[in-house]
Amino acid sequence: MSDLYELYQRRASVRRFKPEPLREGDLEKILFAAQRAPTDATAQMYSLLRISDPLLRREISSHSGQNPHIETCAEFFLVLADVYRLRKLVEHRGGTFGRWPRTALHFAIADAVLAGSALATMAESLGYGIVWIGGVLNGIREIARLCKLPLGVVPVAGLCVGVPDESPAPRPRLSRGLVVHENQYHTYSPEELEQAYSDMAPITRSGDWFKVLERYFAQGGTMEQRERAYQLLTAQQGFEPDLPPEMLGELQAKGLEAGSLGQLIEATFAQGFRSLQFHSQGHVWIEKEPEAYRGEGPPGQALSQALLQAPKERVIP
């Protein structure tokens with residue numbers, strides 16, 4: 001097993017793999033490493049979905065930005081944030097699962113990344129190449145459907161492992177002073193920010209790292225395009241505290257989709273309702289001439305209930 005410091009000095013993501021399986025016993029080793037990763041409160045709120053079906057790999061690749069390495073690597077995993085199993089364990093002994101959806105998503109993603117990182121490090125120490133696939137968020141809802149993910153489970157990333165067919169050089173990273181703070185977070189001077197662009201310039205063909213950041217993170221970029229589908233899926237999977245996931249499924253069948261209470265309010269007015277009233281007594285009225293509908297409960301539940309009472313032809317634009 002390689003020295004870890006030496007490994008990190010030369011490690012880089014691999015996107016070309018030889019058509020070879022892992023050596024006998026190595027799959028067990030990388031899965032063992034994943035399960036030895038740290039986890040919050042012993043809960044292990046993650047799962048690894050090993051995708052061995054070539055057709056399913058091809059479909060996942062098509063929904064994640066056409067990453068051919070998903071199809072050619074020896075092993076491909078979906079790294080999942082998973083609260084479903086934890087809920088089942090609590091309920092199996094008669095417990096009532098608490099309502100903490102945003103905290104659940106936080107720790108489930110942390111557990112998933114820790115497990116995936118342990119798996120990846122073990123794989124690289126054994127001489128394999130790995131690459132994380134953030135592109136699974138491009139088609140996150142379609143991938144969740146293909147893999148039949150239950151309530152409480154969402155994809156975090158994909159992870160390819162295989163015999164490398166290339167030896168890429170390590171890519172640059174930001175200077176230590178920009179990422180390591182001590183005692184208090186320090187703000188960045190213009191000179192430090194410009195130095196960051198200089199440090200990262202070799203990572204791009206154009207020599208301008210800003211073009212990469214703009215393509216992904218600026219207005220109209222990749223992350224903005226992924227946001228709505230991510231919001232919709234996480235809400236449907238039970239991670240949006242204001243919206244009951246079972247009602248979101250019913251609303252979807254009537255042509256209404258929302259990933260937050262704000263989006264549900266916007267959708268209500270988009271359907272032609274002229275008035276929406278939240279009452280302190282715990283109910284909601286929505287009204288359009290000459291009809292009105294009432295729902296009860298917390299705001300998201302009450303509004304969903306009121307919308308579900310409206311005839312289907314009134315809800316679909």
Rounded to the nearest 0.5 Å, what separation is found between the SG atom of C73 and the CG atom of N67?
-> 10.5 Å
What about V161 and L49, same hydrophobic cluster or not, with Ile/Leu/Val/Met/Phe/Trp/Tyr joined at side-chain heavy-atom distances under 4.5 Å?
-> no
Could you give the distance from CZ (R145) to CG (L233), rounded to the nearest 0.5 Å?
-> 12.0 Å
Show the numbers, then the answer: is there a side chain to side chain contact (heavy atoms under 4.5 Å, CB included) between L80 and L48?
-> CA-CA 6 Å; L80 307 172; L48 298 170; over 6 Å; no
Given the rule that I, L, V, M, F, W and Y join up when any side-chain heavy atoms are under 4.5 Å apart, are L105 and L232 in one cluster?
-> no
Given side chain to side chain contact (heavy atoms under 4.5 Å, CB included), test R226 with N138 step by step and report yes or no.
-> CA-CA 6 Å; R226 292 170 172 171; N138 293 349; 2.6 Å; yes
Mark yes when over 12 heavy atoms from residues, nucleotides or ligands other than H92 sit less than 6.0 Å from its NE2; otherwise mark no.
-> no
Are L114 and Y46 close enough that some pair of their side-chain heavy atoms sits under 4.5 Å apart?
-> no
Heavy-atom side-chain proximity of P299 to D242 below 4.5 angstrom | no
Any chance you could measure L56, atom CG, to E71, atom CD, to the nearest 0.5 Å?
-> 11.0 Å
Fit a plane to each ring of H283 and H279, take the angle between them on a 0 to 90° scale, and name the class: parallel (under 30°), tilted (30 to 60°) or perpendicular (over 60°).
-> parallel
A306 and Y293 have their tightest heavy-atom pair at O-CB, 3.5 Å
Please report the C-alpha distance between L303 and I286 in whole Å, then the side-chain angles of each, then the deciding distance to 0.1 Å, and finally whether the side chain to side chain contact (heavy atoms under 4.5 Å, CB included) criterion is met.
-> CA-CA 8 Å; L303 180 53; I286 56 174; 3.7 Å; yes
Y185 and H181 aromatic ring geometry - parallel, tilted or perpendicular at 30°/60° bounds | parallel
Residues Q195 and Y197: side-chain donor-acceptor under 3.5 angstrom = no
Nearest heavy-atom contact between R57 and I51 is NE-O, 2.9 Å
Within a radius of less than 6.0 Å around CD of E24, do more than 12 heavy atoms belonging to other residues, nucleotides or ligands occur?
-> no
ILVMFWY network linking L276 to L243, side-chain heavy atoms under 4.5 angstrom | yes
What one should report as the nearest heavy-atom pair of E192 and L178 is O-CD2, 3.9 Å
Would you find more than 12 non-hydrogen atoms of other residues, nucleotides or ligands less than 6.0 Å from Q219 atom CD?
-> no
Measuring from L261:CG to F278:CZ, what's the distance to the nearest 0.5 Å?
-> 5.0 Å
Nearest 0.5 Å please: distance from the CD atom of Q237 over to the CG atom of L248.
-> 10.5 Å
So does Y216 have more than 12 non-hydrogen atoms from other groups sitting under 6.0 Å from OH?
-> no
Please name the pair of heavy atoms, one in L251 and one in S304, separated by the smallest distance, quoted to 0.1 Å.
-> CD1-OG, 3.7 Å
With no hydrogens and no angle check, is any side-chain donor or acceptor of Q225 less than 3.5 Å from a backbone partner on G220?
-> yes
Begin with the C-alpha distance, continue with both residues' side-chain angles, and end with the deciding distance and a verdict on side chain to side chain contact (heavy atoms under 4.5 Å, CB included) for M122 and L126.
-> CA-CA 6 Å; M122 175 60 80; L126 293 169; 4.1 Å; yes
Do L27 and L78 belong together in a cluster built from hydrophobic side chains that touch within less than 4.5 Å?
-> no
Flag yes if V83 and Y230 sit in one hydrophobic cluster, no otherwise; membership is Ile, Leu, Val, Met, Phe, Trp, Tyr, and two members link when side-chain heavy atoms are under 4.5 Å apart.
-> yes
Below 4.5 Å, heavy atoms only, C-beta onward: do D165 and K18 meet side chain to side chain?
-> yes
Would you check if M200 and I203 make a side-chain contact, meaning some heavy-atom pair closer than 4.5 Å?
-> yes
Can you tell which of Q263, R228, R141 makes a side chain to side chain donor-acceptor pair (under 3.5 Å) with E257?
-> R141
Could you tell me whether the side chain of L193 reaches within less than 4.5 Å of the side chain of P190, counting heavy atoms only?
-> no
D111 side-chain N/O to D40 backbone N/O, donor-acceptor pair under 3.5 Å = yes
Rounded to the nearest 0.5 Å, the OG atom of S61 sits from the CD atom of Q66 at a distance of 5.0 Å
Is the number of heavy atoms from other residues, nucleotides or ligands under 6.0 Å of F32 CZ greater than 12?
-> no
Is there side-chain contact between R16 and H69, with at least one heavy-atom pair below 4.5 Å?
-> no
Can you find a heavy atom in the side chain of P170 that is under 4.5 Å from one in the side chain of Q9?
-> no
Could you pull out the closest heavy-atom pair between Q44 and R85, with the gap in Å?
-> O-NH2, 2.6 Å
Minimal non-hydrogen separation, I70 against I133, with atom names | CD1-CG2, 4.1 Å
Does K288 reach the main-chain N or O of F269 with its side chain, forming a donor-acceptor pair under 3.5 Å?
-> no
Is E91 salt-bridged to R87, cutoff N-O under 4.0 Å?
-> yes
Can you check whether T42's main-chain N or O pairs, donor with acceptor, with T39's side chain at less than 3.5 Å?
-> no
Please determine, by modelled atom types, if T121 and Y8 share a side-chain donor-acceptor pair under 3.5 angstrom.
-> yes
With a 4.5 Å limit on heavy-atom distance, are the side chains of Y128 and C160 in contact?
-> no
